[in-house]
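Before any comments, here is the structure.
Every heavy atom of this structure was used, including side-chain atoms; hydrogens, water molecules and symmetry mates were not.
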Amino acid sequence: MGDGVAIMNRNITERKQAEWALAQSEERLRTIADHIPIMISLYDQTGVIEYANPFWCDRLGWSLKEVQAIGDPLILFFPDVEERRQALEYMLSGLQGWRDFEVMTKYHGRLRTSWWNVPLSDGRSLGIGQDITERYQMEQALRESEEKFRAIAENMSDGIIIFDAASRPLYVSPSYDRQYGYTDGESLTRDPHRLTDVLHPEDREATVAALRNAICSHAETLTYSYRTRHKDGHYFWREDHARFKYESDGTYLGTVVVARDITERKRMEEVEYRLRLEKDRLAMLTRFFQEAVHEFSTPLSTIGTGLYLLARSNDAERRALKAKQMEGEIDRINHLLQSLVLIMKVESVGSAEVTSVDVSSAVRTECRVLEDRYRGQPSLQLDIQADLPLIMGYGHYLNQAFHELLENAYRFTPAEGTIRVNVQAVDDHILVEINDTGCGIAEADLPYVFDMFWRHDEAHTTPGFGLGLAIAKRIIEQHGGTISVSSEIGQGSCFKLTLLVQMTS
């Protein structure tokens, strides 16, 4: 037989499948590398770049060929020798972890980047980089914003304090601490549960309630003022503008408070108030003297006429009549003088000693006095609640106020009419009501009832001088109370006054 051909067959299916799988894997990896928005480079142990993905080229501006054509490609990215040394040292160190570098792009723009080393088994390394320029700019802007905020907060006269949801102070500006006389940061060490201790006792409840209500109602802001205690113990006025923070679901997160010392403003307001008060007092005194002169002129004129007639008349009966008229006018002048003296005393009632006053006893006393004077006509109905609390005040003057109000009711109520007096405790006040069935007061006249020397007729034929109700109102106001009147012509009038119940010492 002649020479033949020997054929050997080998099954390479497994190898082909492995090669195909490897090719598929490489294709997937290359697809990822070509499209992922992250810079990827492969470099050897000397720092020579063997591969760079499109995003790397796009961000840095150079193609891989351009980079490989340079003996030391790092000089493109790091013109500064020291920066280039640090970058190469990191690339070859095998260390992992993000490291930030500022690199130069092809068109001489600075790019902020952050890199991570991935050592490979063959000694090469992958460099994975992110463009953090935008993040860096945001961080820089945030730092600058924080610096500006801190500069403003530390140099402004208003104080700033930031609380979390548990009322713990998170930030306190130096100016805030200075308002209280604290050292910088001292407020941060204070117990949040005792923050209200510095509030003035008279302002504490209302201030806390206002803040609580604002948060419960999801208010955005609240402006309020109160007195607060300095480190040395004195109180000063402060005005806070609070801005509340909430989650989208309404959960309270905390509060930013801008605090202003308004002690000087309050002092100026007090001075302004006193000036206005003094101006009002001067106007009142001017009118008072004008009215007083008018009230004195009538009886003095009557007395003058009487004296003239007495000097020229020999008629005994007529002389006696004129003498009696003059005695009446002298009594009228004396009564007017006593009322004027009482008004002056009432104006200075604040200098008198405050004592505990039993309102029920004072009302009963004046009711008995008026009942005896008017001999039970009109009739009086008295209803006083048992065990009324005491108030702090000026007993003699309160008696005078009740006397003037009752006197007014008797004077304008016919003998067959009725006066009803009711005294009771309502919440933290004592309410006194005096109702009569007299002639009543026209609605147009009600605003003037408590004015001095006011009477419903311009001719002043109405009994009295128009001082009683003015005196009563001033006394009630001196006690921090209120007084009002309602009336209807032909039906009578109702005077209501309230007096604040206070704890006696």
Strictly distance-based, threshold 3.5 Å: is any side-chain N or O of R204 a donor or acceptor partner for the main-chain N or O of T196? yes
Distance in Å, D164 CG paired with L253 CG, rounded so as to fall on 0.5 Å steps: 10.0 Å
Taking side chain to side chain donor-acceptor pair (under 3.5 Å) as the definition, give me every residue that meets it alongside T223, ordered by chain and number, with sequence neighbours left out. H241
Which residues share a ring-ring contact (aromatic ring centres under 6.0 Å, His included) with W237, sequence neighbours left out: none
May I ask you to decide whether R260 forms a salt bridge with E239, counting only side-chain N to carboxylate O separations under 4.0 Å? no
Once you measure the plane-to-plane angle for H234 and F236, does it fall in the parallel (<30°), tilted (30-60°) or perpendicular (>60°) bin? tilted
My understanding is that only residues two or more places apart in sequence, or in another chain, count here; which of them pass ring-ring contact (aromatic ring centres under 6.0 Å, His included) with Y136? none
W115/Y43 aromatic ring centres below 6.0 Å: no
Which side-chain N or O atoms in residues 209-218 pair as donor and acceptor under 3.5 Å with protein atoms at least two apart or in another chain?
{"residue": "N213", "atom": "ND2", "partner": "A209", "partner atom": "O", "Å": "3.1"}
{"residue": "S217", "atom": "OG", "partner": "N213", "partner atom": "O", "Å": "2.9"}
{"residue": "S217", "atom": "OG", "partner": "A214", "partner atom": "O", "Å": "3.2"}
{"residue": "H218", "atom": "NE2", "partner": "G250", "partner atom": "O", "Å": "3.0"}

E202 meets the salt bridge (charged side-chain N to carboxylate O under 4.0 Å, His left out) criterion, sequence neighbours left out, with R227
Set of residues satisfying side chain to side chain donor-acceptor pair (under 3.5 Å) with respect to Q86, sequence neighbours excluded: E82
Could you list the residues that satisfy side chain to side chain donor-acceptor pair (under 3.5 Å) with S125, not counting sequence neighbours? none
Quick one: list whatever passes salt bridge (charged side-chain N to carboxylate O under 4.0 Å, His left out) with E270, sequence neighbours left out. R274
Could you pull out all residues at least two apart from D122 that satisfy salt bridge (charged side-chain N to carboxylate O under 4.0 Å, His left out)? R124
Just by distance, no angles: are the side chains of H429 and D427 close enough, under 3.5 Å, to form a donor-acceptor pair? no
Going by atom types only, do N422 and Q424 share a side-chain donor-acceptor pair under 3.5 Å? yes
Does the plane of the ring in Y182 sit parallel, tilted or perpendicular to the ring in Y180? Use 30° and 60° as the thresholds. parallel
Going through the checks in order, is the ring pair (Phe, Tyr, Trp, His ring centres under 6.0 Å) test met by Y235 and H200? CA-CA 7 Å; Y235 284 95; H200 193 284; 4.7 Å; yes
Restricting to side chain to side chain donor-acceptor pair (under 3.5 Å), what partner residues turn up for S114, sequence neighbours left out? D100
Can you list everything that forms a ring-ring contact (aromatic ring centres under 6.0 Å, His included) with Y224? Sequence neighbours excluded, please. Y226
Who pairs with D261 by salt bridge (charged side-chain N to carboxylate O under 4.0 Å, His left out), at least two apart in sequence or on another chain? none
